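Everything on this sheet refers to the single structure shown next.
To find a chain, count down the sequence lines: A is the first, B the second, and so on, and within it residues start at 1. Here the structure is a predicted model, which is why all the values come from computation and not from measurement.
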There are 2 protein chains.
Amino acid sequence: MNATLYRDTLDEKIFQIPVCGFCILQIDEEVAKLLELKARLGGDDGKHQFVLKTAKETLTGKYGEDSKLIYDLKDQGGELLSLRYDLTVPFARYLAMNKITNIKRYHIAKVYRRDNPAMTRGRYREFYQCDFDIAGQYDAMIPDAECLKIVYEILSQLDLGDFRIKVNDRRILDGMFAVCGVPDDKFRTICSTVDKLDKMPWEDVKKEMVNEKGLSEEAADQIGEYVSMQGGMDLAERLLQDQKMSQSKQACAGLSDIKLLFSYLQLFQVTDKVVFDLSLARGLDYYTGIIYEAVLSQAGVESVSVGSVAGGGRYDGLVGMFDPKGRKVPCVGVSIGIERIFSIMEQKAEASAEKVRTTEVQVMVASAQKNLLEERLKLVTELWNAGIKAEVMYKKNPKLLSQLQHCEESGIPLVAILGEQELKDGVVKLRVVATREEVDICRADLIEEVRRRTSDAS
Amino acid sequence: MNATLYRDTLDEKIFQIPVCGFCILQIDEEVAKLLELKARLGGDDGKHQFVLKTAKETLTGKYGEDSKLIYDLKDQGGELLSLRYDLTVPFARYLAMNKITNIKRYHIAKVYRRDNPAMTRGRYREFYQCDFDIAGQYDAMIPDAECLKIVYEILSQLDLGDFRIKVNDRRILDGMFAVCGVPDDKFRTICSTVDKLDKMPWEDVKKEMVNEKGLSEEAADQIGEYVSMQGGMDLAERLLQDQKMSQSKQACAGLSDIKLLFSYLQLFQVTDKVVFDLSLARGLDYYTGIIYEAVLSQAGVESVSVGSVAGGGRYDGLVGMFDPKGRKVPCVGVSIGIERIFSIMEQKAEASAEKVRTTEVQVMVASAQKNLLEERLKLVTELWNAGIKAEVMYKKNPKLLSQLQHCEESGIPLVAILGEQELKDGVVKLRVVATREEVDICRADLIEEVRRRTSDAS
């Protein structure tokens, strides 16, 4: 349960009423109260620090140019609020607040972006993310490789068609910018422009770099050469020998890690889908090492462009930003975009003739005659109490036809029919909806019979 | 998926960008743009109406005096926002917007209340609710009884100790207020005061009625007599004969339905926990018929007072409030408070010696010697690909002791140990953590052996 995450005690001196994802403060009044309380508790020995933070402060400075998509909220009580933008920053905050130094967990929850929605492509302002993260001080690239293995497994098992996982490293990007002559203070903004390469042709990206961001044409052209490169471990080896790239220590560290990563990915048997791609940038500021993004190939799915369906990377500095003493907890993780995957699955389901069942009900308790509501309720209770998924129509005297129609429409496989005769004989007429076959079953054997007939179907 | 709920089209002329639970409007600018668009689309034939609604308007007028707990938010772009207060109002809005006239569904999601949190009792500002609702035009009390059956099943199966489900009817309350001489315009506010009877003694409730709400002492005393009554079907029958109560048509309708409800509850075998209790009020304005609330008896659990863990009722008018033509869809439902139930389960778990496993990992792939990371990764891949829940430590050369300790701490039952000798012999040493028994298993048989040994444990 997430809700148990933020039980900060007064003892910890974190004066927030945090409700996962939000920090709520009535600043003016509360500061006065807390200072008074602090004075009464005695002493200001430096150890006890008041941490006054609003959700906005929690979120800013972490997403780069995407920050404009944060939902900033302000409620009528003067409390400053923002809706969470992703699950990564709240996770990092949780680790810091609870002094957790290693954990592996997944988390499925909603996030909010003030973006332009595009319903058909599965882009909403409120949407689900499924995050998986590994936090802790470990040997290089082992947890990173596991994250990629997990993305590979998920996308393979969901059967969404062919996919690729692009991999790069923030240090390689920074090293590349340095050796191409990008000024230090322009790394982040140029990185955001490179991130647009999956939506814009290189010519437009270059224009933005030169005209909007003030980069020299020469530097832009050099970047252009590098970002067109794709490969595997071999490309990393080649770039380690590259005259320019090898001048950057940072780039070399990143390239060595890419090599190591690919050696683990080979053991995990996933290299057939993973590509080292120097154009992958990812706009978020918090990444410090490896970054990756999974994209579906369009071949299998007609005319649906959903872009990337998963992305992530290493963020070794984020937890430390929330820790009063700056203690770092290295992290690597991945976010899966649920709606984007669902929009593809929906299109696939629509394209196929197969009907998707929206209920798991195994048997409908029905009657052909009037005044048998009580008998139906008695029988459905027997089935429910035995753990069988059963249903009755909420009518005193429903027509048999409408009961059977409901079963056909919602794919309920069996109907247990009661009539005066069946009650007299101590039996139930069990009807198989698909074949219309009917057979009298002794009432005492009904539960066993329903179980037997639905055990392979469900 | 909820996120697919609100796909309003331009065609419907509902100019909102709704993200479940929120309606977002940039009113000033947008109105101008839309009027222009409307003019261009041509015609104002009366059919196309602009519906401009903010989240606040969506939520107000539905929760009575509890409205003050709604999180009203205002973001910097001037969009008016509120966080959802419960799942019922968004559900009703969804039915109206999508013209759904019957559905049965459950929904687990977060809601927000600007209340004072009480962590130990499982009360937070942000918390989960689990809702179950049945919408549709059906015969009286059949879906209502099913909701109570479900609450009974959940609370029984969670094994939280003894519980009671209190039942009443909004019409009985209103009828009672009428025959006791409460003025019409004070029904709602007096109802809110009656709702406090589970937290305050009658004397204080009476004081609030008389001193704060201006009710006559005589009327308050008459209410006091009724709200002390508890029983079953018999009490409903008695009150139908009650000289005063029988004067109210509304009360009689409610009492007849309570009788009918109890007859269904008998068939569902749940009457041992259900009590007809005239003091049950529930503050929310949207209820129109039966209301109910489940409370845990304190006997089983030491010193934990969590109050009600589930509540709900019939709300036949709510969907119509969101429908442009006011079309009604009768609904009945229940909300289960997840945190409150979890806080009890946590206390129970703490009290018992039993260790709760936080991972489902079946086997840890370990090694006793150095330089076997690659071999460990190969083996864990074999296990993962076979669908076995397996783990490796993210270290190149972890100590065997720390690997075994991790298994003991997190309750991982098996360890698959690799060493030079095992690799040479084509075997894996399988260790049972609990007994420390070790046995060499032929590598080809390992998956089967792990499955066999964990099939009953997991």
Check your understanding: NZ of B:Lys110 to NZ of A:Lys110: how many Å apart, nearest 0.5 Å?
Key -> 10.5 Å

Study note, to complete from the structure: Separation between CG (B:Leu267) and CG (A:Leu379), nearest 0.5 Å, reads 11.5 Å

Could you check whether atom [atom1] of [X] has more than 12 heavy atoms from other residues, nucleotides or ligands sitting under 6.0 Å from it?
X	atom1	result
B:Lys104	NZ	yes
B:Glu374	CD	no
B:Lys259	NZ	no
B:Lys378	NZ	no

**Study point:** Region of A:Glu375 in contact with chain B, defined by heavy-atom distances below 4.5 Å
**Key:** neither

**Study point:** Side chain, backbone, both or neither of A:Val380 within contact of chain B (heavy atoms, under 4.5 Å)
**Key:** side chain

Check your understanding: Given A:Lys149 and B:Thr381, is the side chain to side chain contact (heavy atoms under 4.5 Å, CB included) satisfied, shown in steps?
Key -> CA-CA 9 Å; A:Lys149 168 76 172 168; B:Thr381 303; 3.9 Å; yes

**Study point:** Choice from A:Phe268, A:Tyr394, A:Tyr264, A:Tyr138 maximising heavy atom contacts with chain B below 4.5 Å
**Key:** A:Tyr394

Check your understanding: Among B:Asn397, B:Ile142, B:Asn385, which residue forms the greatest number of heavy-atom pairs with chain A at distances under 4.5 Å?
Key -> B:Ile142

Review point. Of the listed residues (B:Glu146, B:Gln137, B:Met141), which shares the most heavy-atom pairs with chain A below a 4.5 Å separation?
Key: B:Glu146

Check your understanding: Does the side chain of A:Leu373 come within less than 4.5 Å of B:Asp139's, by heavy atoms?
Key -> no

